[in-house]
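Since the structure is predicted, the reported quantities are computational estimates derived from the model, not experimental observations.
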Amino acid sequence: MPYPEIVLSPSAFPTDGAEALVVAVPDLSGGAPAELADLAPALDAVGFTGTRNAFARVYAPAFADLPLAVVGLGKKADANAVRDAVGTAIRSLTGFQSVGIAVAAEVDDAWRAAAEGAALGGYVFDSYKTDSAEKAAKRRRATRVIVSAPASADDAALAAVRAGAEAVALVKDLVSTPAEWQSPAQLADRAIESTKDLPVEVTVWEEKALADAGFGGILGVGQGSDRPPRLVRLDYAPAGAERHVALVGKGITFDTGGLSLKPAASMVGMQEDMTGAAEVLAVVRAAAQLELPVRVTGWMCIADNMPSGRAIRPGDVLVMADGTTVEVTNTDAEGRLVLADGLIAASREDPDVIVDVATLTGAMIVALGTRHTGVMGEGDAVDAFLRSADRTGELAWALPLPEHIADELDSRVADMRNANVGNRAGGALFAGLFLQRFIGRRGQGEDAARIPWVHLDIAGSAMSTSSPFGFTDKGPTGASVRALIDFVAAGGEVR
């Protein structure tokens with residue numbers, strides 16, 4: 001999980017121990033701040049106006065005798081702007097091992113936002129490239145970032161920054177790992193390995209245990225592969241916890257679509273279909289690192305979706321863990337099948353709130369594009385997550401679960417079907433309504449209230465396929481991880 005070490009400095013422009021300096025500059029249409037008077041001529045010379053995330057190297061020996069770069073905060077200089085701008089700068093300024101960061105704007109907790117941006121933007125996947133040492137050095141990002149911060153900067157807040165950055169880095173590492181080296185068993189082993197030094201109890205259901213427990217969704221999706229499926233339960237249960245948050249993640253380690261085979265171009269990158277499970281692991285791990293006073297139970301629903309003579313066929317009927325029968329009309333709508341078993345298992349423990357997270361539907365990309373996470377669910381739990389997303393600067397948007405679409409779940413031969421094949425309308429909503437059926441109730445009867453629940457469809461936001469932006473590289477983004485950590489810290493409640 002390679003991301004830079006973050007160090008705090010009381011200096012307004014930290015240069016001690018730094019090889020280069022970055023200054024985050026607000027919009028300059030009203031003139032440069034007084035503290036940038038010696039820098040203003042250099043900014044004018046290159047036409048730098050402080051436009052949000054604009055980045056430039058400048059020569060200003062009157063201001064600093066180190067190599068110097070500036071990055072713009074734009075007209076709305078807030079914590080989100082600082083986080084994005086510093087992330088942009090750390091991504092862009094390569095070849096220096098140690099970089100100082102200063103924010104020349106009045107922003108509440110600017111140091112924390114700068115530290116977050118630096119830690120997130122400095123992440124680099126330890127890839128399979130075979131660059132020469134010289135080429136690698138030129139593209140190397142800072143391994144140590146010195147952030148200007150007041151003496152009152154909170155050590156606990158810095159620990160939270162580090163835990164969040166490490167969680168996002170873990171997700172990116174896992175998602176970037178090729179499927180050939182990340183089978184369901186290997187991903188389960190990674191969950192054990194990455195929590196071994198933390199107070200997290202890990203339970204793994206292998207193939208026989210899954211069958212004995214009746215997890216027909218996970219088994220059905222995984223039966224076409226030579227690499228058997230797994231269900232992993234992670235339990236962080238601190239003494240005295242008064243709230244219990246359950247997280248359920250889709251972990252399809254490679255998605256061919258099964259017998260409903262994807263086109264070749266759509267299959268590229270499908271190792272990322274386990275992002276939801278990776279995020280569950282990362283968030284439980286962060287909660288334990290931060291010693292949050294909240295019980296967090298994570299369920300990683302892991303399978304390969306492969307075509308073979310053993311694979312499920314369109315028209316087959318699977319029996320979920322609660323006895324619900326599901327007609328499989330599309331084997332490429334497999335994520336909801338594994339999540340169903342996970343939601344049933346999570347519901348049996350009667351947590352205060354359940355959140356599932358999944359790269360679930362292409363329809364979500366059509367609806368919200370590639371940066372917003374789609375949010376569905378019920379009542380206050382959705383509001384609580386949206387507040388967490390707002391606090392952490394994550395992009396999320398609430399979508400409905402219309403009752404009239406629920407009728408389309410009906411199957412002629414089973415209790416329900418997993419896809420409305422041939423109908424392109426509201427596909428992401430159909431998937432959300434499918435999952436809703438597996439959320440447990442607080443009491444007997446169909447009128448009893450369901451456990452509060454949030455469904456996060458990260459099909460678009462989990463991967464940046466075009467170009468880098470802010471602190472985010474091209475590739476896996478870790479979208480919603482920091483919001484989920486905040487949500488867990490709040491116990492899943494609106495605050």
Check: Leu484 main-chain N/O paired with Ser388 side-chain donor or acceptor under 3.5 Å: no
Sidechain-backbone polar pair: Arg144 side chain, Val7 backbone, donor-acceptor under 3.5 Å: no
Verdict with supporting geometry, Asp173 and Phe125, side chain to side chain contact (heavy atoms under 4.5 Å, CB included): CA-CA 6 Å; Asp173 278 358; Phe125 179 61; 3.6 Å; yes
Pair Thr324, Asp415: side-chain N/O donor-acceptor within cut-off below 3.5 Å: no
Approximate separation, where rounding is to 0.5 Å, of Leu337 CG and Met320 CE: 5.0 Å
Side chain to side chain, Val283 and Tyr236, heavy atoms closer than 4.5 Å: no
Flag for Ser225-Asn305: side-chain donor and acceptor within less than 3.5 Å: no
Over 12 non-hydrogen atoms of neighbours within 6.0 angstrom of CG in Asp350: yes
Within 6.0 angstrom of Arg450 CZ, more than 12 heavy atoms from elsewhere: yes
Distance (rounded to the nearest 0.5 Å) between Asp383 CG and Glu493 CD: 13.0 Å
Atom CD of Glu291 with >12 non-hydrogen neighbours under 6.0 angstrom: no
Backbone N/O of Leu259 and side chain of Thr331: donor-acceptor pair under 3.5 Å: yes
Contacts of type side-chain contact (heavy atoms from CB on, under 4.5 Å), residue Ala241, not counting sequence neighbours: Pro238, Arg295
Student check: side-chain heavy atoms of Glu206 and Pro184 closer than 4.5 Å: no
Exercise: identify the closest heavy-atom pair between Val171 and Ala278: CG2-O, 3.7 Å
Nearest-0.5 Å distance, CD1 of residue Ile485 to CG of residue Leu292: 8.5 Å
Chi angles and distances behind the side chain to side chain contact (heavy atoms under 4.5 Å, CB included) call for Arg310, Asp226: CA-CA 10 Å; Arg310 300 186 306 272; Asp226 291 335; 2.9 Å; yes
Nearest-0.5 Å distance that lies between atom CH2 in Trp397 and atom CG in Leu368: 9.0 Å
Side-chain touch Gln186/Thr177, heavy atoms, less than 4.5 angstrom: no
Arg482 side chain to Val168 backbone, donor-acceptor under 3.5 Å: no
Exercise: identify the closest heavy-atom pair between Gly224 and Ser308: O-OG, 2.8 Å
Residues Asp356 and Trp453: side-chain donor-acceptor under 3.5 angstrom: yes
Of all pairs that satisfy salt bridge (charged side-chain N to carboxylate O under 4.0 Å, His left out), the ones with a partner from residues 314-334, not counting sequence neighbours: Lys250-Glu334, Lys262-Asp332, Arg313-Asp316
Pairs touching residues 388-397 that satisfy salt bridge (charged side-chain N to carboxylate O under 4.0 Å, His left out), sequence neighbours left out: Arg391-Asp486
Within 6.0 Å of CD in Glu180, more than 12 heavy atoms from elsewhere: yes
Close side-chain approach of Asp304 and Pro229, heavy atoms under 4.5 Å: no
Stepwise side chain to side chain contact (heavy atoms under 4.5 Å, CB included) test for Phe469 and Thr472: CA-CA 5 Å; Phe469 60 93; Thr472 302; 3.9 Å; yes
Thr275 side chain to Glu272 side chain, donor-acceptor N/O pair below 3.5 angstrom: no
Closest heavy-atom pair and its distance - Gly492, Ala384: O-CB, 3.7 Å
Side chain to side chain, Val355 and Phe385, heavy atoms closer than 4.5 Å: no
Steps toward side chain to side chain contact (heavy atoms under 4.5 Å, CB included) verdict (Asp341, Leu210): CA-CA 10 Å; Asp341 277 344; Leu210 287 167; over 6 Å; no
Ser464 and Thr477 side chains, donor-acceptor separation under 3.5 Å: no
Heavy atoms from other residues, nucleotides or ligands near CZ of Arg387 exceed 12 (cutoff 6.0 Å): no
Heavy-atom closest pair, residues Ala113 and Ala79: CB-O, 3.4 Å
Residue pair Arg336 / Thr361, side-chain heavy-atom distance below 4.5 Å: yes
Gln97 side chain vs Glu19 backbone, donor-acceptor pair below 3.5 Å: no
Least distance between heavy atoms, Val204 atom then Ala188 atom: CG1-CB, 4.2 Å
Gap between atom CE of Met376 and atom CG of Leu360 - 0.5 Å precision: 8.0 Å
Donor-acceptor under 3.5 Å (Arg417 side chain, Thr329 main chain): no
Criterion side-chain contact (heavy atoms from CB on, under 4.5 Å) against Leu399, the qualifying member of Val375, Leu429, Asp457: Leu429
CG/Asp155: more than 12 non-hydrogen atoms of other groups inside 6.0 Å: no
Parallel, tilted or perpendicular: rings of Trp181 and Tyr128 (30°, 60°): tilted
Closest heavy-atom pair and its distance - Ile354, Ser347: CD1-OG, 3.4 Å
Whether Asp473 side chain and Gly475 backbone form a donor-acceptor pair below 3.5 Å: no
Residues Arg190 and Glu193 bridged, charged N to O under 4.0 Å: no
Value rounded to 0.5 Å, distance of CG in Leu234 from CG in Leu247: 9.5 Å
Test: Arg227 cationic atom under 6.0 Å from Phe254 six-membered ring centre, within 45° of axis: no
Any side-chain heavy-atom pair of Thr88 and Phe471 under 4.5 Å: no
Glu349 side chain near Arg233 side chain, heavy-atom distance below 4.5 Å: yes
